[in-house]
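Every number for a ligand or one of its atoms is a count from 1 in the order of the listing.
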Amino acid sequence: MRTKIAPSILSADFSAMGKAIEKLEKSGADLVHCDVMDGSFVEPITFGGQMLKNIRPLTKLPLDAHLMVEHPKSQIKFFAEAGADIITVHYKACAAISETYLEETLKLIKSYGLKCGAVVNPDVPVEKIFDVFPLCDMVVLMSVYPGYGGQKFIPEVLPKIRAARAYAENIGRPDMDIEIDGGVTEENAEEIRAAGANVLVAGSAVFKSPDMAATIARLKR
Ligand code: DX5
Ligand code: ZN
């Protein structure tokens with residue numbers, strides 16, 4: 001499978017976001033990863049739908065909205081209207097509300113004609129979301145605890161990637177997107193890809209690089 005790189009704009013200079021988006025597209029990024037934090041599900045607050053609405057006209061790249069928020073169902077309309085292409089929501093935020101909330105939220109995202117995905121934290125077994133795999137276009141395995149960019153990759157995610165890829169194949173979805181989020185670097189990208197992930201989020205690795213295009217190319221190789 002072709003590897004796709006999703007740079008996280010969390011690591012961009014927010015005062016020059018337009019320029020950052022244009023540079024990402026020119027540098028060979030495949031998606032724009034938008035880390036939405038609500039100050040409750042995770043401590044920091046980043047941005048909401050308005051950011052996606054403003055960057056939408058600046059790029060043809062798909063906008064990958066990673067919602068680190070409580071009550072994600074109430075937020076879907078804002079991100080759909082803002083022009084997100086894919087919206088992912090956390091298992092933990094949904095399970096805190098009800099057993100069916102994750103499935104309902106994924107179906108709501110799909111009702112807008114968008115791609116959807118479920119996210120699990122490092123301490124949550126991927127098996128917890130196996131029942132919603134058939135609904136998902138992408139599953140996201142966090143390789144850091146959400147909230148901050150620039151953290152260290154947690155290698156215990158590697159067997160989870162293998163389990164997710166094997167399960168996707170089992171249910172006849174061998175091409176399902178499996179995204180890894182957190183601590184991805186040029187040094188660990190190869191083992192992450194070899195385990196079966198095909199979408200790599202990279203915040204600091206891309207934005208701190210002196211040559212963004214070269215870093216993106218190396219992350220893909
Ligand atoms: C963490 C975010 C990640 C993070 C990735 O809460 O979901 O997307 O910004 O940044 P790096 O690549 O620096 O770990
Ligand atoms: Zn993210």
Query raised in the report: Is a side-chain N or O of D211 found less than 3.5 angstrom from the main chain of A214, in a donor-acceptor match?
Result: yes
Report task. Keeping the roles fixed (side chain from K53, backbone from F79), state whether a donor-acceptor pair exists under 3.5 Å. Result -> no
Report task. Check P125 against V120 and note the closest heavy-atom contact, atom names and distance. Result -> O-CG1, 4.4 Å
Query raised in the report: Taking only heavy atoms of M68, which atoms of ligand 1 are found under 4.0 Å from at least one of them?
Result: 6 (O), 7 (O)
Query raised in the report: With only distance considered, is S11 within less than 3.5 Å of ligand 1 through an N or O on each side?
Result: no
Query raised in the report: Does atom NZ of K23 have more than 12 heavy-atom neighbours, drawn from other residues, nucleotides or ligands, at distances under 6.0 Å?
Result: no
Requested in this report: Could you walk me through whether T59 and E22 pass side chain to side chain donor-acceptor pair (under 3.5 Å), step by step?
Outcome: CA-CA 7 Å; T59 181; E22 282 160 15; over 6 Å; no
Query raised in the report: Which residue and non-hydrogen atom of the protein lie closest to atom 6 (O) of ligand 1, and at what distance in Å?
Result: G147 N, 2.8 Å
Query raised in the report: Do the side-chain N and O atoms of D38 and H71 include a donor-acceptor pair separated by under 3.5 angstrom?
Result: no
Query raised in the report: Quick one: does F153 get within less than 4.0 Å of ligand 1, heavy atoms only?
Result: no
Query - Numbered atoms and elements of ligand 1 in range of G150, under 4.0 angstrom, heavy atoms - result: 11 (P), 13 (O), 14 (O)
Query raised in the report: What atoms of ligand 1 come within less than 4.0 Å of a heavy atom belonging to A202?
Result: 12 (O)
Requested in this report: Quick one: do Y91 and V132 satisfy side-chain contact (heavy atoms from CB on, under 4.5 Å)? Show the steps, please.
Outcome: CA-CA 10 Å; Y91 165 80; V132 294; over 6 Å; no
Query raised in the report: Going by the atom numbers of ligand 1, which of them fall below 4.0 Å from some non-hydrogen atom of V201?
Result: 8 (O)
Query raised in the report: Going by the order shown, which atoms of ligand 1 are within less than 4.0 Å of some heavy atom of H66?
Result: 7 (O)
Query raised in the report: Has A205 got any heavy atom lying under 4.0 angstrom from an atom of ligand 1?
Result: no
Query raised in the report: Ignoring hydrogens and geometry, is there a side-chain-to-backbone donor-acceptor pair from D35 to L10 under 3.5 Å?
Result: no
Query raised in the report: Parallel, tilted or perpendicular for Y167 and F130, by the 30°/60° rule?
Result: parallel
Query raised in the report: Which residue and non-hydrogen atom of the protein lie closest to atom 14 (O) of ligand 1, and at what distance in Å?
Result: G183 N, 2.8 Å
Report task. Run the numbers on K115 and D177 for salt bridge (Lys or Arg N to Asp or Glu O under 4.0 Å), then give the verdict. Result -> CA-CA 11 Å; K115 292 184 174 176; D177 283 329; 5.1 Å; no
Report summary line: for atom 13 (O) of ligand 1, nearest protein heavy atom and its distance come out as S204 OG, 2.4 Å
Report summary line: Numbered in order shown, the ligand 1 atoms found under 4.0 Å of a heavy atom of G149 are 9 (O), 10 (O), 13 (O)
Report task. Could you list which atoms of ligand 1 come closer than 4.0 Å to a heavy atom of Y148? Result -> 1 (C), 6 (O)
Query raised in the report: Should the pair K77 and Y112 be classed as cation-pi, given the thresholds of under 6.0 Å to the six-membered ring centre and 45° from the axis?
Result: no
Query - atom 12 (O) of ligand 1: the protein heavy-atom neighbour that sits closest, reported with distance to 0.1 Å - result: G203 N, 2.7 Å
Query raised in the report: In D35, which N, O or S atom comes closest to the Zn ion (ligand 2)?
Result: OD1
Query raised in the report: Can D64 and H66 be counted as having a side-chain donor-acceptor contact under 3.5 angstrom?
Result: no
Report summary line: Here the vertex angle at the Zn ion (ligand 2) for ND1 of H66 and NE2 of H33, given to 10°, is 100°
Query raised in the report: What residue and atom, counting heavy atoms only, is the protein's closest point to atom 3 (C) of ligand 1, and at what distance?
Result: D181 OD1, 2.9 Å
Query - Atom name, D181 (N, O or S, nearest to the Zn ion (ligand 2)) - result: OD2
Report task. Number the atoms of ligand 1 from 1 as they appear, then name those within less than 4.0 Å of a heavy atom of P146, with their elements. Result -> 6 (O)
